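First up is the structure itself, then whatever we jot down about it.
The shown structure was predicted, so the numbers you read here are calculated from the model rather than taken from an experiment. Residue numbers begin at 1 in each chain, while the letters A, B, ... track the order of the sequences.
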2 protein chains.
Amino acid sequence: MIEVELETTEQRILDAAEELFYGRGIQSVGMDAIRTASGVPLKRLYQIFPSKDTLVEAYLKRRDARWLHDLARYVDAHDSPTQRILAVFDWLYRWFSEPDYRGCGFINSFGELGATSQAVADIAKAHKDAFRRYLADLVAAADAPARLTDQLVPLAEGAMTTAAISGSPEPARHAKDAARTLLRAAHADVVTAA
Amino acid sequence: MIEVELETTEQRILDAAEELFYGRGIQSVGMDAIRTASGVPLKRLYQIFPSKDTLVEAYLKRRDARWLHDLARYVDAHDSPTQRILAVFDWLYRWFSEPDYRGCGFINSFGELGATSQAVADIAKAHKDAFRRYLADLVAAADAPARLTDQLVPLAEGAMTTAAISGSPEPARHAKDAARTLLRAAHADVVTAA
DNA sequence: CATCCTCGAAAACGAACGTTCTCTTACGGT
DNA sequence: ACCGTAAGAGAACGTTCGTTTTCGAGGATG
């Protein structure tokens, strides 16, 4: 019971922190705003997260895990290896269409704090590496050359920032079109080489 | 003479501000750091830029103009329309290779302040629009379908963030490879349709 | 030489932030 | 019923930041 309550409090803090940090940027959000949004008094908040830095890192780590999990769950609804690759961009389109979409939280936090906090820089790098590995697996499963992964990564990343700044989800569609072309070309290369 | 000196002071402030804002993020840099780095006393600094906000906007606008100017100058050294498109990615490679490269200053400032400052969000959007228009002109000159522009934009943007977070300039090469493939495919489409 | 103006260096101010402390209240075990 | 403990609400503290003001030293002009 006690542990459950502690967990619940931690979740409430992280939920509030994520909405605020992602929505307004990390340095623009004071601990008081998180206190107000979560309803958790400062005392308890600091018992669970001894500093703002640890809260920021916890926010990023939880978002990292959930983001990749949600992506994989969406992709897993598709069977064909090439459809699974293209599904990544469909998922991005849905993400970009959320009303409070504001770009990739890891790109944002890296830009804001990457130079000041090694921990934030490391988490952002780890997140992007994990995304890259996930794409690499999809590419390998489609019998496409590994080189395709290197091309899909900037395509997806660029769609995120272009969608954020332009305020439109369309970059996901355009990136998907490009991915389809690259996929076909990569496959043709393999066939030609054989 | 007076005007020349005023210009020089303004340049010195903007030079210091650009290095610091770009290198550490905007909110991590205090006005005192800019005073120290530029050697311009706070009093004069505030005479020229009445607030940190105006200095930030001046930093972004100057960087916007110079960035696109430098890119165009590099591209103009190439003649063939397709080579001019690919040259964009060569230029990105050189940029990513600079020792203190830290991503696109506009993506970074949008992520950090876009939600809090409409002015910053607008400048970032204008910068990306200008880049997009520039690419669109190159695409049109190569007789490629306008659709290609939509594919090249996320490719270039994604190369910027991937290079920044990974700490390697290679994403520019991979993006260039992808661009070459997309260019060929787009051209083949045009030929087929004809 | 006296005077006014300018200008650089740094102190000072008010607000905001991260963090800690205090005070009051409520509860659980004997 | 009583006491020790925990916990919520928010005041308080020390620092930092953006911005303003003060102070003192030239430099040109009568």
Side-chain angles (χ1 to χ4, degrees), chain A residues 1-60 108-109 112-113 115-120, chain B residues 1-60 108-109 112-113 115-120:
Chain A
M1 187 63 165
I2 289 173
E3 288 165 20
V4 170
E5 194 174 347
L6 280 175
E7 265 184 311
T8 296
T9 302
E10 186 174 330
Q11 302 282 5
R12 275 203 299 163
I13 296 169
L14 284 173
D15 288 344
E18 179 158 8
E19 182 170 338
L20 290 169
F21 285 155
Y22 175 73
R24 299 191 209 159
I26 293 171
Q27 296 190 95
S28 301
V29 173
M31 293 297 278
D32 221 55
I34 290 167
R35 181 205 102 155
T36 304
S38 67
V40 176
L42 277 184
K43 195 176 176 182
R44 197 102 101 90
L45 210 160
Y46 273 91
Q47 282 170 0
I48 299 175
F49 299 104
S51 70
K52 187 182 182 181
D53 286 348
T54 64
L55 176 57
V56 168
E57 292 165 28
Y59 144 63
L60 289 173
N108 291 350
S109 62
E112 183 176 355
L113 296 173
T116 323
S117 159
Q118 189 61 45
V120 169
Chain B
M1 187 62 163
I2 290 174
E3 288 165 19
V4 169
E5 193 175 348
L6 279 176
E7 264 185 308
T8 294
T9 302
E10 185 173 331
Q11 302 282 4
R12 277 204 297 163
I13 296 168
L14 285 173
D15 288 344
E18 180 159 6
E19 182 170 338
L20 290 169
F21 284 156
Y22 176 73
R24 301 192 207 157
I26 292 171
Q27 296 189 96
S28 301
V29 173
M31 294 297 278
D32 221 55
I34 290 167
R35 180 206 103 153
T36 303
S38 67
V40 175
L42 276 183
K43 195 176 174 181
R44 195 102 98 91
L45 209 160
Y46 272 92
Q47 281 170 1
I48 299 175
F49 299 102
S51 69
K52 187 181 183 181
D53 287 349
T54 65
L55 176 57
V56 168
E57 291 166 28
Y59 144 63
L60 289 172
N108 290 352
S109 61
E112 184 176 354
L113 296 172
T116 324
S117 158
Q118 189 60 45
V120 168

Self-check item: Pairs meeting criterion ring-ring contact (aromatic ring centres under 6.0 Å, His included) with involvement of residues 16-43 of chain B, two or more places apart
Solution: B:Phe21-B:Tyr59
Practice problem: Return the set of residues passing side chain to side chain contact (heavy atoms under 4.5 Å, CB included) with A:Gln27 (not counting sequence neighbours), or none when no residue passes. | Solution: A:Glu112, A:Leu113, B:Gln27, B:Ser28, B:Glu112
Quiz item: Taking only side-chain nitrogens and oxygens of B:Arg35, does any of them come within less than 4.0 Å of OP1 or OP2 of C:dA10?
Solution: yes
Self-check item: Spacing between B:Gln47 atom CD and D:dT20 atom P, to the nearest angstrom
Solution: 11 Å
Self-check item: Value in whole Å for how far the P atom of C:dA12 lies from NZ of B:Lys43
Solution: 17 Å
Self-check item: Where at least one partner belongs to residues 13-22 of chain A, residue pairs that pass salt bridge (charged side-chain N to carboxylate O under 4.0 Å, His left out), sequence neighbours excluded
Solution: A:Asp15-A:Arg62, A:Glu18-A:Arg62, A:Glu18-A:Arg63, A:Glu18-A:Arg66
Self-check item: From NZ (B:Lys52) to CG (B:Leu45), nearest 0.5 Å
Solution: 11.5 Å
Quiz item: For the pair made of CG in B:Leu45 and P in C:dG8, what is the distance, rounded to whole Å?
Solution: 11 Å
Quiz item: Would you say B:Arg44 reaches C:dC7's phosphate, i.e. side-chain N/O to OP1/OP2 under 4.0 Å?
Solution: no
Quiz prompt | Closest to the B:Tyr46 side chain, choosing from D:dT19, D:dG8, C:dG8 | solution = D:dT19
Quiz item: Does A:Ser51 or B:Pro41 map to a spot on DNA chain C nearer the 5' end, using the closest nucleotide for each?
Solution: B:Pro41
Quiz item: Quick one: side chain to side chain contact (heavy atoms under 4.5 Å, CB included) partners of B:Thr54, sequence neighbours excluded?
Solution: B:Phe49, B:Pro50, B:Ser51
Practice problem: Could you check how far CG of B:Asp53 sits from C1' of D:dT19, rounded to whole Å? | Solution: 12 Å
Self-check item: Interatomic distance where CD1 belongs to A:Ile34 and P belongs to D:dA9 [whole Å]
Solution: 17 Å
Could you give the side-chain donor-acceptor pairs of residues 32-43 of chain B under 3.5 Å, partners two or more places apart or in another chain?
{"from": "B:Thr36", "atom 1": "OG1", "to": "B:Asp32", "atom 2": "O", "distance (Å)": "3.0"}
{"from": "B:Ser38", "atom 1": "OG", "to": "B:Ile34", "atom 2": "O", "distance (Å)": "2.7"}
{"from": "B:Ser38", "atom 1": "OG", "to": "B:Arg35", "atom 2": "O", "distance (Å)": "3.4"}
{"from": "B:Ser38", "atom 1": "OG", "to": "B:Val40", "atom 2": "N", "distance (Å)": "3.1"}

Quiz item: What does nucleotides 11-17 of chain D look like as a protein-contact string, B for base, S for sugar-phosphate only, - for none, at under 4.0 angstrom between heavy atoms?
Solution: -------
